[in-house]
Asks: 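Questions regarding the structure given below will be posed in turn.
Just so we're on the same page: letters track the sequence lines, and every chain starts at 1. Just the heavy atoms: all of them, side chains too, but no hydrogens, waters or symmetry mates, feed the values below. All values derive from a computational prediction rather than experimental measurement.
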There are 2 protein chains.
Amino acid sequence: MPDNPQTQKEQPRRRQARGERRIAQLLEAAAQVFCTTGYTAASTNAIAREAGVSPGTLYQFFPNKEAIAIELGDRLMHEMRDAYGEALAPVDPATPLEEAVGAAVDRFIAFNTDHPVFFALMHGPDMPGGITDAHDQLHTSLIGRVEGLLASLVPDASPADVTRTAHVCLGIYKAGLELVLTHEGPERAAYVQEIKNVLTRYLEPLVGDRIGQGRAGSAARVTPGITRTAPPGTSA
Amino acid sequence: MPDNPQTQKEQPRRRQARGERRIAQLLEAAAQVFCTTGYTAASTNAIAREAGVSPGTLYQFFPNKEAIAIELGDRLMHEMRDAYGEALAPVDPATPLEEAVGAAVDRFIAFNTDHPVFFALMHGPDMPGGITDAHDQLHTSLIGRVEGLLASLVPDASPADVTRTAHVCLGIYKAGLELVLTHEGPERAAYVQEIKNVLTRYLEPLVGDRIGQGRAGSAARVTPGITRTAPPGTSA
DNA sequence: GTGAAACGCGAGCGATCTCTCGTGTTTGCC
DNA sequence: GGCAAACACGAGAGATCGCTCGCGTTTCAC
């Protein structure tokens, strides 16, 4: 053991440009297969076939099936960090709640429609051990951001309450996302609006008396009654 | 084919009392295994072992693994129909929204904690084909009940809107259920209250001006601010 | 040019899972 | 008591999947 110069990590593998290309190719293929069949049902042979390479080639770049999902999740998390940094970083203490929620939801939805794998891996079923850790990391990071936003909206609230509220918000979003992804066109837009309504109405009493908006006034502004169809100018 | 007296169903199997007992035993074992490992990861041998019988005995009562989950879902659906009939059948046009939602949520939660398998099978991942049909049936039935309740609350709403709202309500509940099941004691009770808050606040603007309750008044009554801890006398 | 290492292949090993089959035991009916 | 059918067993057939291994090809530093 001590004769090994690197105590823990062993990456003496010098990747060539070709190898990096194969890795990207394999991850893309894995995303495709995971999306359609889920993680457990996806076979490594199917991933290799989808990528147009042999099983042996796949295992030259990934030690096992789990590592593929982990690497995929890792890359996804980095892209998500960027997207969610934009979405949640500026707390905007002056913008109305409805706008803030709407903008955040729109960005989340956009990310998930751009990367369908994310949903497949999150709602993935029996993720054996290690993957759950990798996604817990992402989930915790998300919760942290929502907590920060909530704390700035509701300064006088115990941390436990903020954490719980953050979990509820994320749960609402995830449930709504499932509904959004199973619909198309105007119906999808309608569900997006419903997510915003649910979140806004849920958070409205919490932010209470904010800068310039009375409660009743804003409550009446949140698309009264059942949302008719899609609000104008959402994604166009 | 025409020589068979029964055109479609073939159940010439005369079950003895022992057989019925075994079936119940096997379903109970299957519920246990599905709960802990999920559907796909659960092996029929493990189910048989849990039930204390041999694999061959299992296949004397179920043609395949899928049939076990379907039969389990069927029995669960019947119990659920009863429970949800109680919870949603009386629309109670006079009871305040908060109470109606609270009662419905409490019963749903009670059912799910009594039958953890249901959650495992619903959020089950890759349910091969037939099972999804069986659960779609249940899901549709549930949606129908929620639709009926909503239609009575919001008479002047298009069917499409009612359907969408029902889906949103069920989605909220399912998301909340996941949070509830992952917590214990007072924290769990707090999440239950949050589900009620979310649903009540979401539906409040829709039911609009009902019999005797002003909007602002009821809005203020929905546990103002972030819920502190557990409401008194929920499950004790 | 040459040698070492990265890349690529695909048959197949070992493990696992669903489901079958031959055989023996128990139950219900006459 | 006797017989047919239901019940019970457990080894293993058949299929699949994760992953390996031996060998050939390409790339790159020198």
Asks: Going by distance alone, is a donor N or O of one side chain under 3.5 Å from an acceptor N or O of the other, for A/Ser158 and A/Asp161?
Replies: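 On atom types as modelled, these side chains qualify, holding a pair under 3.5 Å.
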
Asks: Can you tell me the distance, in whole Å, between the CD atom of A/Gln60 and the P atom of C/dA6?
Replies: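 Roughly 9 Å, once rounded to whole Å.
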
Asks: Which pairs count as side-chain hydrogen bond (donor to acceptor under 3.5 Å, both in side chains) when at least one residue sits in residues 113-122 of chain A, sequence neighbours excluded?
Replies: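 The answer is A/Glu79-A/His115.
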
Asks: For A/Arg22 and D/dT25, give me the distance from atom CZ to atom P, rounded to whole Å.
Replies: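 Roughly 17 Å, once rounded to whole Å.
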
Asks: Using whole Å, what does the distance between atom C1' of nucleotide D/dG10 and atom CZ of B/Arg49 come to?
Replies: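 Between C1' of D/dG10 and CZ of B/Arg49: 13 Å.
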
Asks: Between C/dC29, D/dA8, C/dC7, which nucleotide gets closest to the side-chain atoms of A/Phe61?
Replies: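 Between C/dC29, D/dA8, C/dC7, the one nearest the side chain of A/Phe61 would be C/dC7.
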
Asks: Work out how much the helix from C/dG1-D/dC30 to C/dC30-D/dG1 bends between its end axes, five pairs an end, to the nearest 10 degrees.
Replies: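 Computed from the C1' atoms at both ends, the axes differ by 10°.
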
Asks: Just N and O in the side chain of A/Arg15: are any of them under 4.0 Å from OP1 or OP2 of C/dA5?
Replies: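 The answer is no; no side-chain N or O of A/Arg15 sits under 4.0 Å from OP1 or OP2.
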
Asks: Mind checking B/Gly19 for me? I need base, sugar-phosphate or nothing, with any heavy atom below 4.0 Å counting as a touch.
Replies: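 Counting heavy atoms under 4.0 Å across all strands, the contact made by B/Gly19 is with sugar-phosphate only.
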
Asks: Quick one: OG on B/Ser54 to CG on B/Asn45, what's the gap to the nearest 0.5 Å?
Replies: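 Between B/Ser54 OG and B/Asn45 CG, I get 9.0 Å after rounding to 0.5 Å.
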
Asks: Less than 4.5 Å apart, side chain to side chain, heavy atoms only: is that true for B/Asn197 and B/Glu194?
Replies: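 Result yes, sub-4.5 Å side-chain heavy-atom pair found.
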
Asks: With side chains defined as the heavy atoms from C-beta onward, is the minimum distance between B/Gln25 and B/Glu20 less than 4.5 Å?
Replies: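 Heavy-atom side-chain distance check fails, nothing below 4.5 Å.
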
Asks: Using whole Å, report how far CG of A/Leu58 lies from C1' of C/dC9.
Replies: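 It is 13 Å, rounded to the nearest whole Å.
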
Asks: Between P on C/dC7 and CD1 on A/Ile23, what's the gap in Å once rounded to a whole number?
Replies: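 In whole Å, C/dC7 P lies 8 Å from A/Ile23 CD1.
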
Asks: Indicate yes or no: does A/Lys174 engage A/Glu178 in a salt bridge with an N to O separation below 4.0 Å.
Replies: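 Not counted as a salt bridge, because no side-chain N and carboxylate O are separated by less than 4.0 Å.
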
Asks: Do A/Glu147 and A/Thr163 pair up side chain to side chain, a donor and an acceptor below 3.5 Å, judged on atom types alone?
Replies: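 Judged by distance alone, the side chains do pair up.
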
Asks: Without decimals, in angstroms, what is the distance between A/Ile68 CD1 and D/dG18 C1'?
Replies: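 Result: 10 Å.
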
Asks: Using a cut-off of under 3.5 Å, enumerate the N/O to N/O pairs linking the protein to nucleotides 16-19 of chain C.
Replies:
from	atom 1	to	atom 2	distance (Å)
C/dT18	OP1	B/Ala42	O	3.1
C/dT18	OP1	B/Lys65	NZ	3.1
C/dT18	OP2	B/Thr44	N	2.7
C/dT18	OP2	B/Thr44	OG1	3.2
C/dC19	OP2	B/Tyr59	OH	2.9
C/dC19	OP2	B/Lys65	N	2.8

Asks: Could you tell me the separation between the CZ atom of A/Arg21 and the C1' atom of D/dT26, rounded to a whole number of Å?
Replies: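 Between C1' of D/dT26 and CZ of A/Arg21: 12 Å.
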
Asks: Is A/His167 close to A/His139 at the side-chain level, that is, under 4.5 Å between some pair of heavy atoms?
Replies: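 They are in contact (side-chain heavy atoms under 4.5 Å apart), so the answer is yes.
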
Asks: Any side-chain heavy-atom pair from A/Tyr173 and A/Val198 closer than 4.5 angstrom?
Replies: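 Of all side-chain heavy-atom pairs linking A/Val198 with A/Tyr173, none is under 4.5 Å.
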
